[in-house]
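Below: one structure, written as structure tokens.
Chain A is the first sequence line, chain B the second, and so forth, proteins listed ahead of strands; every chain is numbered from 1.
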Amino acid sequence: MVIPMQLSADGGAVITAVRDAEYTAEVTGGAIGSFSLTDVSVAYGRDRVIEGVTMDVPAHAVTALIGPSGCGKSTLLRCLNRMNDELGNVHVGGRITLDGQDIMGKAMDPVELRMRVGQVFQRPNPFPMSIFDNVAYGPRTQGIRSRTELSDLVEATLRSSALWDEVKNSLKKHAFELSGGQQQRLCIARALATRPEVILMDEPASALDPISTQQIEDTIAALKSSVTIVIVTHNMQQAARISDKTAFMLRESLEAPAFLVEMGDTKRMFTNPEDTRTESYITGRFG
Amino acid sequence: MRGLIYACGWLAIIILGAIAAFLIHNSVRAIQEAGIGTMLSTTAWYPTSSPGKFGLLPLIVGSLYVTGVALLVSVPVGVGAAVFISEFSGRRVKDVMKTIIEFMAAVPSVVYGLIGVAVLIPLVKDIFALDSGMTALTGGVVLGIMSIPTVITISEDALHAVPADLRRGSAALGNTRWQTTYKVTLPAAGSGIFAASMLGLGRAIGETMAVLMLTGNAAVMPASVLESVRTMTGTIAAEMGEVVQGGLHYSVLFAVGLVLFIITFAINLAADLVLERQRKRWRR
């Protein structure tokens, strides 16, 4: 399987973001795409929704964020590519680093950060343009103009998201003609095309049928050798199947902000959780 | 009660049909005596000579010149304002802007005409060193300003209808808000913006009072927008008071009205079809 990181090594164009990542990788010991969160809090206006989250997201692994609805999983996820900035009136406190580099300070340009940290949304949101143009959208933003380079990139990323065989003869087709599952895999390819270190997924399969869900999960499993994945999911079985690490978040009342109950290896979290609340949740007693 | 509601609903359609029938009925004499072909292909408009000459071409071209200029003013400004309101302004600014735009639409056209007479006519005269500032350009600029509210409102609706997920998707790929606007949002709203331009055009082509005050009303083929023109609407308004009821000139004016009716009907229909297609697209 061709993976985007390999492509960047021999693909010709050197992207600043990737070069920076390689530089920081030397500092952090090789692994690219690891987050470290220290005492992270989020407030919408005066409403504190998350407080005191400290966790490490390992590189080249799948980390699942689980918890009941409204516990701030998606909000925490959006801290990692600063998409909360887009919502306005959101204040994020604490410290978040990507490969040792502070991503919340003024020194980090959110535009550059988002090329390194891609996102796949809950509902497939392909742009109203062709399949090819959808995937080439990010690279074109990065300034890649060469037709052959773009085609290679589009093919590589569509292969990575397991969509290539279905669309290789119809790249000029409008993205809206694809099925929901195909659209979501297109969105994964689109996120991969900027050659990110991390991909954030916010319940990427919740709007899809079981077969499409299966395909997305297979894609995730294949991707983690080349890119870090952080996934928010409501589906316990899904978290157990696909993730290496699991973080359980909880908001016990609307008056108090959500917090991280515990985080650990998925296997241990699902067989021998430390906290009784984790156990109650994963065995389906609430949420 | 139910019957009454139904009747109200159908009334709109009946009125539209009645207008068309009325225009056609009164145009019959003109069509028979002056001839459709002659009216639509000759350039001499001397309705009071004997026999009268009824070449509508100068009037149609006059209307096209004026509305063409109006479009060049209203579309860039209107779409630009819609993009600002929809994509870049905060909620408070947005509310204020929308209120102001509603006011703008509510100002009577004769007031725009007055402002045009006082400000624009001398300005055009000086800038282009003309003998008279009453030109197609003058009328067109004022008409363009008048149709800006229409263009803004419909374009803003079209931009608003573009799902927020698309903007977020683009932002998540490392695009600035401006890049997202011109690469995703504007193309996605393209058909709605086209419809907005068409409806603005419909507003401009049907406007009477301001053009009557500003374009000089010379019913001759204009060589450029810097010459005086007479529009179809202006002709009807200016001459209707002086014609013999039921006479040929009277009938010809109805034929002008019919041409105008057909043009505006076609424009509005096209705009509606495009808008409907856009609505369907985002419903899936």
**Q.** Side-chain heavy atoms of A:Pro126 within contact of B:Leu166, under 4.5 Å
**A.** no

Q) What heavy-atom pair brings A:Met115 and B:Gly174 nearest, and what distance separates the two atoms? A) CE-O, 3.4 Å

(Q) So for B:Arg168, is it side chain, backbone, both, or neither that comes closer than 4.5 Å to the heavy atoms of chain A? (A) both

Q | Residue from B:Thr180, B:Thr185, B:Leu173 passing side-chain contact (heavy atoms from CB on, under 4.5 Å) with A:Phe127 | A | B:Leu173

**Q.** Main-chain N/O of B:Asp165 paired to A:Asn125 side chain as donor or acceptor, under 3.5 Å
**A.** yes

Q: Select one option (side chain, backbone, both, neither) describing which atoms of A:Val120 are under 4.5 Å from chain B's heavy atoms.
A: neither

Q) More than 12 heavy atoms of other residues, nucleotides or ligands under 6.0 Å from CD1 of A:Ile211: is that the case? A) no

Q: Write out all pairs satisfying ring pair (Phe, Tyr, Trp, His ring centres under 6.0 Å) with one or both partners inside residues 161-185 of chain B, taking only residues at least two apart or from two chains.
A: B:Trp178-B:Tyr182

Q) Counting heavy atoms not belonging to B:Phe265, are there more than 12 under 6.0 Å from its CZ? A) no

Q) Which heavy-atom pair separates B:Lys183 from A:Met129 by the least distance, and what is that distance? A) O-CE, 3.8 Å

**Q.** Contacting moiety of A:Arg190, where chain B heavy atoms sit under 4.5 Å
**A.** both

Q. Does B:Phe194 CZ have over 12 foreign heavy atoms under 6.0 Å away?
A. no

Q.
Please check if the number of heavy atoms outside A:Met104 that lie under 6.0 Å from its CE is greater than 12.
A. yes

Q) In terms of heavy-atom proximity below 4.5 Å to chain B, should A:Phe121 be classed as side chain, backbone, both, or neither? A) side chain

Q: Pick one of side chain, backbone, both or neither for A:Pro110, based on which atoms fall under 4.5 Å of a heavy atom in chain B.
A: neither

Q: Would you check, one step at a time, whether the test side-chain contact (heavy atoms from CB on, under 4.5 Å) holds for A:Arg114 with B:Asn175?
A: CA-CA 8 Å; A:Arg114 288 172 197 154; B:Asn175 285 270; over 6 Å; no

